Structures are given as C-alpha cells and as structure tokens.
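Okay, structure first, notes after.
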Number of protein chains: 2
Amino acid sequence: MSDVFKAMADETRRSLLDQLFDNNGQTLGQLTQSLDMSRQAVTKHLKILEAANLVSIHWQGREKLHFLNPVPLAEIVHRWVGRFEEAQLDMLVELKAQSESKDQSENRKKKQHGL
Amino acid sequence: MSDVFKAMADETRRSLLDQLFDNNGQTLGQLTQSLDMSRQAVTKHLKILEAANLVSIHWQGREKLHFLNPVPLAEIVHRWVGRFEEAQLDMLVELKAQSESKDQSENRKKKQHGL
DNA sequence: TTAATAGGCAACTAAATGGTTGCCCGTCAA
DNA sequence: TTGACGGGCAACCATTTAGTTGCCTATTAA
C-alpha cells in the first residue's frame, strides 16, 4: 500500500500515468519525450510505478511498452474513501456535540457557531 | 494535490490518521505515545498533515488538539477513482481485444488488431 | 554487415526526508 | 510562586530520492 501512495506522491509519475491514460501502451522513448529529463530518470520513475503495480510492461522486439494497471489504486482508494466518509459523519456528529456543549449556558436561544 | 499524496505516502502519517479515525481531537502527547519516536518527530509529521489540510488543530490552554479533515482526500480520491475507473474500462476493452486476438484460430468471425 | 535505434546498468551528486538532541516558552496546579 | 507539564524552535545527522553521465547490449533497417 505504501508503494502505491509513494508512487502517486511524485508529480512526474502522476504525469506519466496521465500520459498512459491518454494513450496506453507507450514506449519508454515516447514517455520520455514529453518530460524534459533524461531517459534514465524516466526509467527509474517507471520502475517505481511497476513496483507499485500501477504500470505493467510488455516487450515487443526492442521496444518496451507500458500499460496502466488501475486495479491497485482503485482498491486502495475505495478503501480510503470509505474510511474518510465514515470519519466525515463522525466529524459532523462531533461538531454538533461541541456546539451543543458550548451552548449549554444559553441553550434556549439556539444560537450555534463552529470552531 | 501533491501535498495530499505526499502526506499519505508515509506509514507514520497514515498511522496518525488512523489514530484520529479511532479517536478524533487528540493532543500531540497522546498521538506520540503510540508511536515509538520523539515528540518532535511527531510534530513534524503533523505539520505535513496540516499543510496538506488533512488535519486541523485547535488550541485549548496549553494543549493542541488535532482533528481529522476528510475533505481534501475525499475530493482527490473521488477524482482519481473516476479517472481510474475509466481506464479500467479501457483496459477491459483492451484485454478483450487481446484475448480475441489469441483466440483467432478458433474464432474466425471476430476481427482483431494488435496493441 | 554495419549504423542507428531502444533501452539497461552503474557510479555519482544534490536536495529532500525522517529522525535526533538541547534548550526555551507558556500554562496549570500544589 | 514555583515546579511540572505540553509544546515550539533550531541545529544537526543519516538515508532516501531524483536526477545526471558514461558506457554497454540487443534489435532493426539500410
């Protein structure tokens, strides 16, 4: 899981994923063209994306084709969406409780404000 | 956006978020207890979470309370879920095309083309 | 057969990251 | 009022990260 988040944490790597969104199955050379850095630097980024299982490769002659693998991110992200949506509900409950607690002294006037 | 992914990329910080999921509004001291590192190290992690807007703080006397802010991650994550789900469809189409290509000999009715 | 193309590997560097320690300040309670 | 407690700030350190360059291999095309 850490691998996926770390892979996503870099702008260059997100840009590589963007490129593959737009046009799946590109070669290293193609992916490098749009990036203003050396081929070897791009190779390293792609290795990290591969390690995170976000990109899979397919050799065709001397060309290395790169394909998006959406599965691990979809999984991870669905999980965190769930957790955060729960938390969001909790937070609403809590804010409500806090505001009620603050309003104890004057709770008949029903005035409320948050943090 | 980079800030959010970078914040999420560290195990310690995800663990801090976990703690706040379980019990929102904890102090720095409380958050430190479960972490086997110095208070100052935890402070740095919390600063990063604050900068990513994933945690907000509220001073109460000499205590600093930390609260989860689910909004930015929910946003980011919904966006990426959308993109990846699109890509996932693309991939299915592509896998279908590949398998059809493999089945060429026994399925002559369907047309196929290479990657 | 040879040159150009696509890419890999290793060594190196600068900067960012994650941690430490020491000392300081404000708040609270005895 | 004084000492303990909750936390901040800054300097320092080791490791990781993101990039470079130079050279090598394998495939393709002339």
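Reminder, nothing fancy here: chain letters follow the sequence lines and each chain counts from 1. Values in this document were obtained by computation on a predicted structure and should not be read as measured data.
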Notebook entry, point to check: Are Met8(B) and Leu54(B) close enough, and set up right, to give a side chain to side chain contact (heavy atoms under 4.5 Å, CB included), and what steps lead you there?
Noted result: CA-CA 9 Å; Met8(B) 297 294 297; Leu54(B) 290 166; 4.2 Å; yes
If you take all heavy atoms of [X] and [Y], which pair is closest and at what distance?
| X | Y | answer |
| --- | --- | --- |
| His66(A) | Leu46(A) | NE2-CD1, 3.4 Å |
| Phe67(A) | Asn24(A) | CA-OD1, 3.2 Å |
| Ala52(A) | Val4(A) | O-CG2, 3.8 Å |

Whole angstrom is fine here: how far is it from [atom1] in [X] over to [atom2] in [N]?
| X | N | atom1 | atom2 | value |
| --- | --- | --- | --- | --- |
| Gln60(B) | dT27(C) | CD | C1' | 13 Å |
| Gln33(A) | dG7(C) | CD | C1' | 14 Å |
| Lys64(B) | dC28(C) | NZ | P | 17 Å |
| Gln26(A) | dG7(C) | CD | P | 11 Å |
| Glu50(A) | dG8(C) | CD | P | 9 Å |
| Ile57(A) | dG8(C) | CD1 | C1' | 12 Å |
| Trp59(B) | dT27(C) | CH2 | P | 9 Å |

Item checked: Test item: Ser15(B) side-chain N/O and Glu11(B) main-chain N/O as donor-acceptor pair under 3.5 Å ->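 No; judged by distance alone, with no hydrogens or angles, the pair does not exist.
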Item checked: Hydrophobic cluster membership, Val42(A) vs Ile48(A), 4.5 Å side-chain cutoff -> no
Checklist line | side chain to side chain donor-acceptor pair (under 3.5 Å) involving Ser34(A) - partner list, sequence neighbours excluded | finding: Gln19(A)
Notebook entry, point to check: Taking only residues two or more places apart in sequence, or in another chain, which ones meet Ser2(B) in a side chain to side chain donor-acceptor pair (under 3.5 Å)?
Noted result: Arg14(A)
Check: What string of B, S and - do you get for nucleotides 14-21 of chain C, 5' to 3', if B is base contact, S is sugar-phosphate-only contact and - is no contact with any protein heavy atom under 4.0 Å?
Finding: ----SBBB
Checklist line | Residues in salt bridge (Lys or Arg N to Asp or Glu O under 4.0 Å) contact with Glu50(B), at least two apart in sequence or another chain | finding: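 Here the qualifying residues are Lys64(B).
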Next item on the list: Report yes if the side chains of Asp3(A) and Asn53(A) come closer than 4.5 Å at any heavy-atom pair, otherwise no.
Entry: no
Notebook entry, point to check: Quick one: are Asn69(A) and Val55(A) in side-chain contact, heavy atoms under 4.5 Å?
Noted result: no
Check: Can you give the first and last nucleotides of DNA chain D, 5' to 3', that have an atom under 4.0 Å from a heavy atom of chain A?
Finding: dA18(D) to dT28(D)
Protein-nucleotides 2-5 of chain C N/O pairs under 3.5 Å:
unit_1, atom_1, unit_2, atom_2, d
dT5(C), O2, Arg62(A), NH1, 2.5

